[in-house]
Amino acid sequence: MKKSKTEKVSNTSPKYNIVFISPEVAPFSKFGGLADVSWALPRALKRLGHNVKIIMPKFGSIDDEKFGIKAYKQNLKVPTADKDIVCNVKIGYIPDGLEVYLIENMEYYEMRANVYGYKDDARRFALLSKGALELIRSQKWQVDIIHSNDWMTGYVSNYLKTEYKLDPILNKAASVFTIHNLALQGVNRRTLTQTQIDQGTSPLPDLLDDDIFFVNGMLRGIVYSDFVNTVSERYAKEILTPEYGEGMDKILQEMRNKLVGIRNGVDYDVLNPRVDKNIYVNYDLGDIEKKKENKIAFQKEFDLVIDPAIPLVGFVGRLSEQKGLGLLHDTIRPLLANLNFQFVIVGGGDEYWEKFFAKLIKDFPGKVNGYLMISTTFAQKLYAACDILVHPSKFEPCGITHAIAMRYGTVPIVRETGGLADSVIDYGKDRKNGDGFMFKEFNEMAFLIQLVSALTTFKSNKREWKKIQSRSMRKDLSWNASAVKYIDLYEKAIDRHVKWLKKEGLVMADSPVEVPGYSSIDILS
Ligand code: GLC
C-alpha cells in the first residue's frame, strides 16, 4: 500500500539531481541528530525516485576498511587567494546504494580526532563548502538542488551567489539550507564587539584569511539560500520570536517568505521493535506484552530492582541545557526518594551533567542507572524497556528520541516546543487521542505535574495506559510524508532561483531556456 503511494508520487513529479552537503553522516560519523537526518532524508528522497549524492569531510576517525571506502579522485584543487588547497576525494556507500563523497585533507580533517571543537572550525567547514562546489564543477555533475545543513555548510549558498555565480555548472543549481539548530552559528556572538558582528552581507573573506572566523555561517546560509527550512513547523514559527530567534528573529522575519518547517522522520526500517536487532525480545502492537520481557532483561543488565510493576522512566540524548535537564536538577532526588519508580539514562555530553548523573546513579543503587555515553545499542534497549521517556527540552528544533520511543510503545513526556509539540498529542487535554503528556511553561512544577500524572495513569489505570501506548505506536512519524514535502520545497527553491538568475541577467527574462542545459527549466512550463 505504502509502496504504491510512493511510486505514484515519483511517477508524477520531476526527478531531481540533488547534492546533499553535511558535516556528519551516519554511520560514517555521528555526533548528533544531524548525522541521522543526513542519511535518512537522502534515502527517502532516493526512494521517491530522485538522484542524491552526499558530500562530507573524510575525518580521521572514519575507517576506510570497515566501510569499504575507496579512492574516487586525486588532486581536487580548492582555490584560495594565495594558493590552492589540495584535497583527495573518496567514495563510500550507505544503505540503498547512496553515494557518499568524502573530501580528504590531511591538515584539516585527517589529523583531527574529533568532528568539531577546533579553533579553526570555521575554516575547516568553509573548506568543506568550497570543496564540495569544486567537486561538482570538476565532475560536471548536472545538479538541480544543492542542499546544505547548519552553520558548517552555510557558506555554500554564499559562494554560489557570489564567487561562483557565473559558473555554468553551479549556477544551474538552486540552493536549499536546513536549520537543524539555530543556537549554533559558527561564532560565539557574545565575545564579539558590535563592529565584529557579521551582518551577513559583506563579502565572504578568503578561507585562509582569519576574518573567516568572524563569519556567521548560519546567517550566511539563511541570507543566501534560495529556500530555507527548519526541522519542524513549530520551530519555523518559534524562531521568528526573540525567545527562540538566537539574535536572528528580525532577519528571519524579513526572510519568512522563503522559510518553511518540515518535521524530520523516523526510519522505521531500523527503529522498530518488530525488527530491531539490538533489543532483547522483538514485539509489536499485537504482542505488546513482550515489552515486559525487555523491561525485565534491562533491569537485570542495569542492576535495577527486577520488578515489571515498577514504572521505568528513561532519558536518551545529548546531556546539555537545551534538553531541559535543568528541570530535573532539583526535582529528581525528592521524586526518587518519595515515589516508587526507576530512572535510566543513555547519553553523554556536558561534563557537568555527566557528573550529575554519575552521582545520582551512585546515590540510588537499584533505582537509577545508565550509560553516560552516546550509544545507539543501549538507547534502543532503553526504548524497548521503558514505560515513559522524558524529553523536556527548553527548545527543540525537531527532536527524535521521543518519536522513536513512541514506536516502541514508550509514552513520551515532552515540553510543548518545536518538533515535540508537532508530534505529540497531550493526554491531559485530549483523552480520546492523547498519545503522550505535554507541558507548556518551562518550569519544574509544570514538568512535575505531567510526570506524576503519567506515573499515576500507568499504575492505576492499565486500560487507559494501553490505549495511550497503542495510539503512540500507531502514529506515523516516518519520513514518507516529510520527504514529499522536501520535493515541494525544492520546487519552490528552483522557482526562486530562476527569478534570481533573471534578476542577475544570467538568463533572459522571457526565455529561461537560454541557460544551456538547465535541467529543471521544464518545471516552469
Ligand atoms: C539538532 C536539533 C534536533 C534535531 C536534529 C536533527 O540536533 O537540536 O532537535 O532533531 O538537529 O535535525
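Please read all numbers here as calculations on a predicted model, not as lab measurements. In listed order, ligands and their atoms are each counted from 1. Because only heavy atoms are used, hydrogens play no part in the values below, and waters and symmetry mates are left out as well, while side chains stay in.
Residue-to-ligand polar distances place Cys398 within reach of ligand 1: an N/O pair is separated by less than 3.5 Å. Some N or O of Gly399 is nearer than 3.5 Å to an N or O of ligand 1, by distance alone.
Distances below 4.0 Å separate heavy atoms of Val37 from the following atoms of ligand 1: 6 (C), 12 (O). If you number the atoms of ligand 1 from 1 as listed, the ones under 4.0 Å from a heavy atom of Asn181 come out as 8 (O).
Seen from the ring of Tyr108, Arg123 does not count as a face-on cation partner, given the 6.0 Å and 45° thresholds.
Taking CD1 of Ile404 as the reference point, atom CD of Gln380 lies at 7.0 Å (rounded to 0.5 Å).
Here Lys323 pairs with Glu396 in a salt bridge; the nearest charged N to carboxylate O distance falls below 4.0 Å. A salt bridge does not link Asp435 with Arg471: none of the charged nitrogens is closer than 4.0 Å to a carboxylate oxygen.
The closest donor-acceptor contact from the side chain of Arg496 to the backbone of Asp226 lies under 3.5 Å.
Taking the side chain as every heavy atom from C-beta outward, Leu45 and Ile18 approach each other to under 4.5 Å.
Shortest contact from atom 6 (C) of ligand 1 to any protein heavy atom: Asn264 ND2, 3.3 Å. Here the protein heavy atom with the shortest distance to atom 8 (O) of ligand 1 is Gln322 NE2, 3.3 Å. For atom 3 (C) of ligand 1, the closest non-hydrogen atom on the protein side is Glu396 OE2, 3.3 Å. Looking only at protein heavy atoms, the nearest one to atom 7 (O) of ligand 1 is Arg318 NH2, 3.7 Å. Nearest to atom 2 (C) of ligand 1 among the protein's heavy atoms is His180 O, 3.2 Å.
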For Phe302 and Phe378, run ring pair (Phe, Tyr, Trp, His ring centres under 6.0 Å): C-alpha distance rounded to whole Å, both residues' side-chain angles, the deciding distance at 0.1 Å, then the answer. CA-CA 10 Å; Phe302 280 81; Phe378 284 132; 5.5 Å; yes
